[in-house]
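Side-chain atoms are counted along with the backbone in the values below, which use heavy atoms only and exclude waters and symmetry mates. Residue numbering restarts at 1 for every chain, and letters A, B, ... go by the order of the sequence lines.
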Amino acid sequence: MPELRSKAKVVLELVKECVAEFESLSEEKKRELIERYSAELKPKAEKKEQKLSPLEKAEKGKVVMRFAPNPNGPPTLGSARGIVVNDEYCKIYDGKFILRFDDTDPRTKRPMLEAYEWYLEDCEWLDAKPDEVVYASKRIPIYYEYCEKLLEMEKAYPCFCSKEEFKKYRDSGIECPHRNTSAEDALEIWEKMLNGEFREGEVVIRIKTDMKHKDPAIRDWVAFRIIYEDHPLVGDEFCVWPTLDFESAIEDHLLGITHIIRGKDLRDSELRQRYIYEYFGWEYPITRHWGKVSIHEFGKLSTSELRKEIEAGKYRGWDDPRLPTIRALRRRGFKPEAIRKFILSLGVGENDVSVSVKNLYAENRKLIDPIANRYFFVWDPVEIKIEGLDSCVDVKIPLNPTKGGYRVLKGSKEVYICREDFERLREGDIVRLKDFCNIRLIDKDGAKFKFEGFELKDVKKGKNIIHWLPKRDVVKCYVYGVEKDYEGFAEKNALNDIGNVVQFERFAFCRLEAFEDELEAVYTHP
RNA sequence: GCUCCGGUGGUGUAGCCCGGCCAAUCAUACCGGCCUUUCGAGCCGGUGACCCGGGUUCAAAUCCCGGCCGGAGCACCA
């Protein structure tokens with residue numbers, strides 16, 4: 001009853017009276033009243049699924065959003081955040097999702113040709129297939145047009161100051177001498193720029209803002225510069241390239257973007273770009289910015305850093321399981337839904353987040369645990385002998401506790417077990433080979449055990465149950481790990497699951513990748 | 001230094017705009033229990049937080065002021 005709030009004092013008095021009246025009643029009467037009214041109390045509201053917070057001013061069916069990477073490497077978990085969050089909002093509001101390659105610097109942040117394709121692939125895999133794909137480098141003439149308009153309007157000008165010179169003007173809030181160039185002269189210089197009549201660095205186009213703006217970063221920023229370098233996608237067609245701020249400002253308008261969500265490092269962009277929007281009478285999209293994500297186990301998710309390390313030979317490639325790229329996660333057998341959930345759980349706050357990859361593992365585990373078949377993998381194997389077990393027996397072991405089903409191993413007197421399990425045992429100890437039999441260590445140096453029976457209840461549970469493999473019925477197995485690689489033997493039954501994620505019991509979930517001379521697997525997570 | 005932003009359990013997040021149903025949500029981590037067989041999986045349970053100080057108010061995680069701590073930008077990179 002919210003309308004009573006303003007009369008809180010009066011209500012409080014009334015409540016006190018009621019309580020006093022209630023207290024004065026007999027115990028029996030109290031109990032009766034409690035029972036009569038407790039039925040009316042509502043149960044606690046059922047828990048709601050965690051969702052993204054609503055977008056301000058978003059109308060269903062009218063939202064247009066974009067993710068705008070520079071394809072200078074494959075998408076990482078960081079890029080996936082941009083893809084998934086933008087896509088998710090589009091899904092919520094029935095909007096349009098655009099993938100735009102902001103690839104207008106052929107040198108410093110040079111795009112990588114294969115990466116264009118990788119972005120497309122990974123978006124689709126993440127269930128975020130864009131409704132439209134735009135390549136900025138293929139639309140350079142459009143940006144030229146808008147530049148010319150601004151030059152005509154004298155809202156932009158060619159500036160011959162060197163970087164250092166201009167910095168002085170900027171820091172002291174003084175207009176540089178080129179700022180007053182007439183539209184006519186400016187267009188003439190522009191023409192010469194396009195014709196390649198200037199050297200790199202000789203002249204740039206600046207957007208007029210306010211040389212007295214309280215944030216120097218906003219003052220007359222660069223919109224175009226000259227770079228003589230082949231572009232991986234469009235070759236040497238252009239020598240005048242727009243900066244991100246210009247290209248993105250024009251594109252966001254042309255594409256009808258209504259909402260932008262991007263990193264807070266681009267917060268100043270908005271301040272700069274608003275000048276262009278004002279000159280053309282356009283409406284600036286609604287923006288939100290998020291902080292950096294770092295994953296404890298991976299560190300910062302910088303593509304350029306990864307590239308250096310790959311080039312230095314530290315990793316086997318962009319899909320090395322130790323890397324935070326989507327390709328690597330894909331190879332490891334993660335489910336796209338798990339990655340989406342993990343990313344959405346980070347929200348869209350402005351503070352930097354530092355989260356453990358275990359959260360991602362947990363999401364993925366929920367999805368694969370019910371379907372992944374179980375197999376034995378013995379890493380760092382030790383061969384042991386079991387005395388007193390005369391014949392081979394078929395051992396039936398469940399394939400998956402939820403799905404059901406069985407696989408069969410040949411129980412024999414010569415088996416492999418993990419070295420770490422073996423080392424832990426002392427002479428006289430009993431262990432159980434899971435689903436097979438109990439054995440007692442009688443000679444550690446000779447790795448000899450004695451058969452003690454098949455009954456499970458004869459051994460304690462827990463650490464006393466270990467996995468094993470028959471010596472004569474195994475394949476060699478190599479696991480590409482995250483911390484390190486593992487070598488050993490796996491059961492042959494696993495060959496039925498090539499391409500799938502399985503659980504190597506007491507080890508981890510792994511994706512079985514290939515089988516040639518040996519089984520190759522990639523570590524997924526515990 | 002200048003400009004802008006943020007601070008909820010160990011970690012991440014919901015709630016903040018529009019103060020009360022918040023002795024604060026969900027997840028993960030951690031701890032404990034359960035399972036005729038994974039004690040590295042699964043299932044169940046438990047511990048654990050509103051940065052600090054002041055103000056406004058009957059009432060503050062929520063509004064205001066100050067402090068402290070953290071981050072981003074200040075490129076002819078994106």
Side-chain angles (χ1 to χ4, degrees), chain A residues 1-2 4-12 42 44-45 47-51 53 56 68-70 72 102-105 107-111 159 161-163 166-167 170-171 200-206 213-219 221-227 241 243-245 247-248 263-269 271 289 291-293 296 303-304 341-342 344-356 358-363 365-366 369-370 372 374 376 397-398 401-402 432-436 455-457 459 461-467 503-509 526:
Chain A
M1 281 170 252
L4 290 181
R5 274 179 200 164
S6 52
K7 295 174 187 148
K9 268 185 184 164
V10 184
V11 173
L12 191 63
K42 278 186 242 163
K44 258 271 199 223
K47 53 186 158 188
K48 53 192 169 189
E49 204 180 315
Q50 192 152 314
K51 274 205 213 126
S53 54
E56 44 277 52
N70 175 24
N72 60 344
D102 280 353
D103 55 348
T104 57
D105 179 357
R107 184 172 295 150
T108 320
K109 290 271 170 90
R110 190 176 171 78
C159 173
C161 295
S162 70
K163 252 189 252 183
F166 190 82
K167 192 171 165 36
R170 189 186 60 205
D171 291 347
E200 275 189 24
E202 200 174 348
V203 57
V204 297
I205 301 294
R206 289 187 185 278
H213 194 288
K214 61 180 174 175
D215 184 354
I218 308 307
R219 300 174 187 164
W221 50 276
V222 171
F224 286 87
R225 75 287 209 207
I226 298 170
I227 304 171
W241 294 93
T243 56
L244 171 81
D245 280 334
E247 173 267 321
S248 152
K264 64 180 174 184
D265 49 322
L266 291 173
R267 184 175 272 288
D268 286 352
S269 268
L271 265 31
H289 296 89
K292 271 213 183 81
V293 181
H296 300 330
T303 311
S304 1
K341 279 194 177 155
F342 169 69
L344 294 175
S345 80
L346 302 180
V348 276
E350 289 235 4
N351 34 1
D352 293 349
V353 303
S354 177
V355 67
S356 168
K358 286 178 183 171
N359 291 275
L360 172 60
Y361 291 172
E363 291 296 349
R365 191 147 48 221
K366 283 177 203 153
D369 184 66
R374 269 57 171 168
F376 287 160
I397 313 177
T402 355
R432 178 169 180 84
L433 301 178
K434 185 171 183 281
D435 294 293
F436 178 25
E455 286 302 308
L456 167 70
K457 55 178 179 269
V459 319
K461 284 187 288 177
K463 291 256 188 233
N464 286 314
I465 297 174
I466 63 173
H467 62 114
Q503 189 197 54
F504 282 145
E505 293 189 53
R506 300 215 304 142
F507 179 66
F509 290 93

Next item on the list: Specify the closest pair of heavy atoms between A:Lys434 and A:Glu505, including all atoms of both residues, with the distance to one decimal.
Entry: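 Smallest interatomic distance, heavy atoms only, reads NZ-OE1, 3.1 Å.
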Taking the same atom, [atom1], in [N] and in [M], what whole-Å distance lies between them?
{"N": "B:C22", "M": "B:C77", "atom1": "C1'", "result": "46 Å"}
{"N": "B:A23", "M": "B:C35", "atom1": "P", "result": "38 Å"}
{"N": "B:C51", "M": "B:C44", "atom1": "C1'", "result": "36 Å"}
{"N": "B:U25", "M": "B:U8", "atom1": "C1'", "result": "11 Å"}
{"N": "B:C69", "M": "B:C52", "atom1": "P", "result": "15 Å"}
{"N": "B:G55", "M": "B:G19", "atom1": "C1'", "result": "15 Å"}
{"N": "B:G20", "M": "B:C64", "atom1": "P", "result": "15 Å"}
{"N": "B:U11", "M": "B:C21", "atom1": "P", "result": "27 Å"}

Check: In Å, rounded to the nearest 0.5 Å, how long is the span from CD1 of A:Ile466 to CZ of A:Phe376?
Finding: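 It comes to 9.5 Å.
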Under a 3.5 Å cut-off for both contacts, is [N] paired Watson-Crick or G-U wobble with anything, and if yes, with which nucleotide?
{"N": "B:G1", "result": "B:C74"}
{"N": "B:C35", "result": "none"}
{"N": "B:U25", "result": "none"}
{"N": "B:A14", "result": "none"}
{"N": "B:C68", "result": "B:G7"}
{"N": "B:C63", "result": "B:G55"}

Next item on the list: Might you work through the side chain to side chain contact (heavy atoms under 4.5 Å, CB included) test for A:Thr243 and A:Trp221, ending with a clear yes or no?
Entry: CA-CA 10 Å; A:Thr243 56; A:Trp221 50 276; 4.2 Å; yes
Check: Does the side chain of A:Leu346 come within less than 4.5 Å of A:Val355's, by heavy atoms?
Finding: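 When only atoms from C-beta onward are counted, A:Leu346 and A:Val355 do touch, with a gap below 4.5 Å.
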Under 4.0 Å between any heavy atoms, over every strand shown, what does [X] touch: base, sugar-phosphate, or nothing? Just pick one.
{"X": "A:Val204", "result": "base"}
{"X": "A:Gly291", "result": "nothing"}
{"X": "A:Gln503", "result": "base"}
{"X": "A:Arg365", "result": "sugar-phosphate"}
{"X": "A:Asp102", "result": "sugar-phosphate"}
{"X": "A:Ser269", "result": "nothing"}
{"X": "A:Thr104", "result": "sugar-phosphate"}
{"X": "A:Lys163", "result": "base"}
{"X": "A:Asp265", "result": "base"}
{"X": "A:Arg432", "result": "base"}
{"X": "A:Pro526", "result": "nothing"}

Margin query: According to ring pair (Phe, Tyr, Trp, His ring centres under 6.0 Å), who are the partners of A:Phe342, at least two apart in sequence or on a separate chain?
Written below: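 If we apply the ring pair (Phe, Tyr, Trp, His ring centres under 6.0 Å) test to A:Phe342, skipping adjacent residues, there are no hits.
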Item checked: Atom-to-atom span, CG of A:Leu271 to P of B:C2 - whole angstrom ->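 For the pair A:Leu271 CG and B:C2 P, the rounded distance is 18 Å.
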Notebook entry, point to check: Ignoring hydrogens and angles, does a donor from either the side chain of A:Glu363 or the base of B:U28 sit under 3.5 Å from an acceptor on the other?
Noted result: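 Between B:U28 and A:Glu363, which were checked side chain against base, a qualifying N/O pair under 3.5 Å is absent.
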Next item on the list: Please state whether the phosphate of B:A78, meaning OP1 or OP2, lies under 4.0 angstrom from any side-chain nitrogen or oxygen of A:Arg225.
Entry: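 Answer is yes, contact under 4.0 Å.
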Margin query: Salt bridge check, A:Arg219 against A:Asp171: does any charged N sit closer than 4.0 Å to a carboxylate O?
Written below: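 Salt bridge absent between A:Asp171 and A:Arg219.
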